[in-house]
Protein chains: 4
Amino acid sequence: MRIQQLQLASQRLRDNKIFEWFVVSVIIISALLIGARTYSIPAPVMTVIHWLDLTITLLFLFEIVVRFLATDKKTRFFRNGWNVFDTLVVVVSLIPIDNSEMALVGRLVRIFRVLRMVSIIPELRTLLNSLLRALPQLGYVVLLMFIIYYIYAAVGATFFADINPQLWSDISIAMLTLFRVMTFEDWTDVMYETMGSYPLSWIYYLSFIFLTTFAFLNMVIGIVVNVLEDEHAREREAQDEADGKASLDDLMQELRSLRQEVAELKQAAVDQPATTR
Amino acid sequence: MRIQQLQLASQRLRDNKIFEWFVVSVIIISALLIGARTYSIPAPVMTVIHWLDLTITLLFLFEIVVRFLATDKKTRFFRNGWNVFDTLVVVVSLIPIDNSEMALVGRLVRIFRVLRMVSIIPELRTLLNSLLRALPQLGYVVLLMFIIYYIYAAVGATFFADINPQLWSDISIAMLTLFRVMTFEDWTDVMYETMGSYPLSWIYYLSFIFLTTFAFLNMVIGIVVNVLEDEHAREREAQDEADGKASLDDLMQELRSLRQEVAELKQAAVDQPATTR
Amino acid sequence: MRIQQLQLASQRLRDNKIFEWFVVSVIIISALLIGARTYSIPAPVMTVIHWLDLTITLLFLFEIVVRFLATDKKTRFFRNGWNVFDTLVVVVSLIPIDNSEMALVGRLVRIFRVLRMVSIIPELRTLLNSLLRALPQLGYVVLLMFIIYYIYAAVGATFFADINPQLWSDISIAMLTLFRVMTFEDWTDVMYETMGSYPLSWIYYLSFIFLTTFAFLNMVIGIVVNVLEDEHAREREAQDEADGKASLDDLMQELRSLRQEVAELKQAAVDQPATTR
Amino acid sequence: MRIQQLQLASQRLRDNKIFEWFVVSVIIISALLIGARTYSIPAPVMTVIHWLDLTITLLFLFEIVVRFLATDKKTRFFRNGWNVFDTLVVVVSLIPIDNSEMALVGRLVRIFRVLRMVSIIPELRTLLNSLLRALPQLGYVVLLMFIIYYIYAAVGATFFADINPQLWSDISIAMLTLFRVMTFEDWTDVMYETMGSYPLSWIYYLSFIFLTTFAFLNMVIGIVVNVLEDEHAREREAQDEADGKASLDDLMQELRSLRQEVAELKQAAVDQPATTR
């Protein structure tokens with residue numbers, strides 16, 4: 001009995017608009033505190049921030065407990081990735097940290113609290129989900145691009161390692177250098193350096209730029225086409241319901257009832273002579 | 001009576017094509033003067049420019065007074081943002097400035113007079129309005145992007161502040177540095193510096209670049225889809241009016257009148273035997 | 001009589017496939033010569049190139065004369081911009097040049113001969129025309145962009161001229177610097193310099209980048225929408241002819257002949273009683 | 001008989017899912033080995049890698065022999081470009097190399113083994129084919145772009161060769177420099193240098209950037225429109241089959257059978273009086 005009452009009270013609190021806005025503002029204050037900490041601040045203000053931080057952690061703990069109590073089936077609560085994320089962030093924030101190494105981790109976890117903004121605002125959650133859902137559709141293009149990178153990095157590390165070990169010493173560093181070339185960031189410096197030893201190495205860079213630009217363009221167009229198609233499909237459905245199909249169906253219905261009448265007329269024509277006779 | 005006559009005269013002047021072109025050319029001359037002032041010019045020419053500038057300010061004042069008098073309801077005049085802008089620019093230009101500090105502000109206000117071009121040419125006003133209207137639609141993507149920036153800037157300011165205070169000392173400077181990374185402007189210099197202390201910090205930069213590029217792409221596609229949809233909707237309406245639906249409706253009308261005739265025929269068939277008997 | 005025969009012979013030569021290919025290959029050889037001249041070449045080869053160049057000029061002259069003679073109305077020949085361009089290039093090539101200053105102009109004119117490739121290949125001519133036709137449609141966006149540039153350049157020249165005269169001394173140099181900022185080319189160097197005197201000048205750069213990127217995006221989307229619309233219009237027309245409308249018209253025709261038959265039937269039903277009686 | 005049995009066994013092995021996955025994993029291990037070789041590795045590990053490499057080569061040889069035996073018409077095997085590529089890579093890998101110069105070529109061939117991933121995974125093969133198929137459609141835009149490059153490079157090599165021979169000495173180097181300008185990579189450094197001698201040379205760079213950006217944009221839009229059109233065509237066909245046309249055809253069928261009935265009715269009306277009389 002008691003547990004049910006607690007659950008009802010929790011649900012009422014969770015669905016309360018004021019409580020929602022309170023949580024959002026706590027998250028915003030938490031984000032501002034994180035920003036403030038990056039400035040050099042006098043000790044007394046630091047103490048205030050420290051206590052504010054503790055209050056926020058406790059408020060977050062309270063909010064998660066409320067949401068947990070409000071859930072009907074407790075085991076389902078942790079199936080939602082955002083709930084797991086929220087709980088983890090709060091739990092790690094609660095661990096008292098003295099060691100300076102761990103203090104950095106503690107600050108990092110506090111920073112990730114800003115992501116709670118995404119977990120709270122439904123529109124942002126939808127947006128992020130749709131962004132993530134778009135990625136796997138492009139799986140094979142990404143794989144192809146990785147193969148291009150891998151081959152060029154292997155070639156680069158094989159031939160250019162002696163020229164500039166900082167850029168080409170092994171395949172992972174060479175891939176980073178190639179990403180730099182793809183962003184056009186001082187790529188001619190990289191090229192001119194290797195052109196000193198291999199005068200034709202501009203072919204290597206230009207072919208790489210063309211291939212990756214072309215593949216990237218294809219990815220972008222892929223996303224655009226996907227998005228537009230989804231839009232069109234939704235639109236067409238809406239339109240079909242509104243007019244198009246319905247009109248054709250109306251015509252068909254009209255035709256069928258007309259045929260019915262003609263059939264009756266025919267029957268009448270067949271029957272009539274009998275009554276005339 | 002007099003006021004009405006003045007209003008009518010003002011309206012006639014305002015709607016006069018020659019007056020319109022005169023105002024546009026005054027604005028263009030004003031813009032050219034602003035450009036000329038940035039060159040080092042001999043004192044006598046400077047005097048000419050000074051007097052020209054005063055003339056332009058007075059002409060602008062005259063034009064605004066004409067437009068104000070031509071308005072039916074005076075209170076509505078200042079509800080239009082462009083009118084307020086025009087009035088402000090002219091009024092501030094009229095304030096006599098001697099102080100050198102204020103002189104700079106005076107020059108700034110004169111520069112903004114060029115924007116009057118936008119307020120005068122209706123096509124530019126429409127264009128700017130449509131640009132501004134597109135922005136809020138992208139609100140949530142901009143918010144998500146800001147959250148990504150904020151988290152990365154907080155992480156950057158926490159870990160890299162000691163490596164290069166000029167780029168990472170606090171969260172606002174770190175956000176500026178991240179914007180620089182997003183434009184690929186010497187971003188590898190920033191990365192190589194932090195990779196000296198944190199060899200894995202390339203993950204930080206690459207993940208940031210992927211996230212922001214992806215989000216930016218999504219924004220662009222969002223605009224494209226919105227624009228195309230608006231176009232489609234307008235197109236479909238135009239087409240619906242022109243042919244599609246109309247044809248189906250014609251068919252329906254034809255069918256109905258046919259049915260009417262069949263019904264009459266049936267009635268005739270039923271009535272006829274009576275007359276035959 | 002003689003002139004007509006000449007015209008016919010010219011037309012036959014002009015429309016000859018072999019002659020066409022011959023002209024194209026002469027243009028290609030001419031382009032290769034232009035490229036070869038940029039290398040340091042020994043004197044004897046230079047002499048060969050010189051004679052080859054003269055031969056090409058004469059061949060071009062011959063080709064233009066043929067095309068001129070083949071034209072029905074001679075006055076129309078120079079109404080076509082490409083013909084004027086071809087004639088000018090050939091005529092200037094024929095002027096003997098000794099002066100070293102003029103020699104440079106002569107070489108420049110020879111380089112523009114490569115553009116004759118565009119005037120000869122119809123697909124390229126169509127492509128270039130469609131590119132040029134797309135430009136004026138974007139007129140107002142370009143004007144708006146110019147106004148943005150002008151205002152920012154005026155502000156930049158006013159405030160930053162003393163910091164770095166090479167980048168900001170007057171409005172035209174400031175516009176070039178702003179174009180550089182728009183291409184993200186070492187734009188942070190420009191910004192950091194002015195931030196030394198005006199710590200808030202990052203607002204100037206960021207707002208400029210946002211405005212111009214946004215306007216540029218709008219231009220691109222404008223072109224895309226225009227192109228897609230043209231495609232759609234052409235497509236819809238083709239489709240309308242092929243099936244959609246035709247089917248509806250077929251239905252209408254079928255319905256009308258049916259109605260005709262029903263009308264005849266009705267007439268028969270009305271007439272019949274008369275014959276029965 | 002024996003050969004047929006061998007072919008059947010080969011086909012069974014080739015189409016075996018486990019064998020397929022085995023080949024893919026061998027390719028992946030081969031790719032990892034290529035990556036590992038770019039790191040400085042101790043001698044004993046090197047020996048292991050050497051033997052692994054030999055094993056992989058032999059496995060590849062075995063796999064190709066199996067595929068060759070499984071083919072029905074042996075002559076068709078080498079008509080497929082991918083088969084030729086696979087065979088070449090394996091054969092060159094088998095050649096024993098001692099010379100240090102040739103060793104580099106050997107390593108290069110081993111790197112290209114990674115491309116076998118593309119030849120094995122059908123989705124990647126389709127993707128690459130579709131990328132390659134898109135290229136020729138853009139043939140004329142690429143040609144136009146090349147002409148623009150050629151003309152600008154000729155002008156650049158003519159005027160700027162004395163200013164900086166490293167960037168402008170001949171037409172091929174000038175084209176590379178122009179590609180650099182197009183990627184906005186330190187393009188202002190190139191421009192400021194030539195502006196020292198030719199103050200108006202900014203026109204050269206800006207016009208080049210506008211032309212190539214515009215042409216590139218056109219290429220991208222060309223691809224987008226092509227892709228969208230293909231999608232639309234496929235979509236419309238699918239839709240036509242599913243509903244649209246079918247419904248119109250249904251209506252037509254309904255109308256025709258109705259007409260048939262009316263015709264029969266008419267016949268009955270004509271015949272009936274005869275029987276009545």
Side-chain angles (χ1 to χ4, degrees), chain B residues 31 34-40 104 107-108 110-115 117-118 121 123-124 126-128 130-131 134-135 166 172 176-177 179-180 183-186 219-220 223-224 227-228 230-232 235 239 243-244 247-248 250-251 254-255 257-258 261-262 264-265 268-269 272-273 275-276, chain C residues 139-141 143-144 147 150-151 153-159 161 168-174 184-189 191-192 202 206 209 211 214-215 217-218 220-222 224-225 228-229 232-233 236 240 244-245 248-249 251-252 255-256 258-259 262-263 265-266 269-270 272-273 276-277:
Chain B
I34 287 156
R37 269 163 180 272
T38 63
Y39 293 89
S40 54
L104 225 55
R107 282 185 76 176
L108 206 58
R110 268 166 188 77
I111 290 169
F112 280 107
R113 275 186 195 162
V114 181
L115 266 184
M117 197 91 102
V118 179
I121 304 175
E123 282 90 351
L124 282 184
T126 314
L127 191 64
L128 200 73
S130 76
L131 285 184
L135 269 180
Q166 258 193 307
S172 55
L176 191 60
T177 304
F179 184 70
R180 168 185 170 171
T183 63
F184 297 143
E185 158 53 12
D186 280 344
M219 268 176 64
V220 173
I223 306 180
V224 173
V227 171
L228 284 180
D230 287 4
E231 289 292 330
H232 277 153
E235 215 172 83
Q239 199 191 346
D243 50 77
S247 275
L248 279 181
D250 288 352
L251 272 175
E254 190 76 17
L255 255 180
S257 53
L258 177 63
E261 278 183 57
V262 171
E264 279 168 25
L265 184 63
Q272 189 193 335
T275 51
T276 328
Chain C
Y140 283 110
V141 185
L143 180 58
L144 185 64
I147 293 174
Y150 200 85
I151 291 175
V155 172
T158 305
F159 289 91
W168 302 105
S169 69
D170 57 59
I171 200 163
S172 56
I173 288 181
F184 297 144
E185 158 55 11
D186 280 343
W187 69 274
T188 45
D189 296 353
M191 180 177 67
Y192 289 149
W202 58 267
L206 260 68
I209 288 174
L211 275 174
F214 200 64
L217 223 72
N218 227 275
V220 173
I221 292 166
V224 173
V225 170
L228 284 180
E229 229 151 272
H232 277 153
R236 207 180 319 129
D240 281 358
K245 243 176 175 171
L248 280 181
D249 286 352
L251 273 175
M252 185 54 102
L255 254 179
R256 287 215 172 111
L258 177 64
R259 198 177 175 180
V262 171
L265 185 64
K266 205 170 158 189
V270 171
Q272 190 192 335
T276 327
R277 253 178 255 149

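Here the structure is a predicted model, which is why all the values come from computation and not from measurement. Reminder, nothing fancy here: chain letters follow the sequence lines and each chain counts from 1.
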Contact class of [X] relative to chain B, heavy atoms under 4.5 angstrom:
X      : answer
C/T188 : both
C/W202 : side chain
C/Y150 : side chain
C/I173 : neither
C/A161 : neither

- Query: Under a 4.5 Å cut-off applied to non-hydrogen side-chain atoms, are B/E123 and C/L143 in contact?
  - Reply: no
Residue pair [X] / [Y]: nearest heavy atoms and the distance that separates them:
X      : Y      : result
C/A154 : B/T38  : O-CG2, 4.4 Å
C/W187 : B/E185 : NE1-CB, 3.6 Å
C/Y140 : B/L124 : O-CD2, 3.5 Å

- Query: Side chain, backbone, both or neither: which part of B/L176 has a heavy atom under 4.5 Å from chain C?
  - Reply: side chain
- chain C contacts, top residue of B/G35, B/A36, B/S40 (heavy-atom pairs, under 4.5 Å): B/G35
- Task: Find the one option among B/L115, B/I121, B/V118 whose heavy-atom pairs under 4.5 Å with chain C are most numerous.
- Result: B/L115
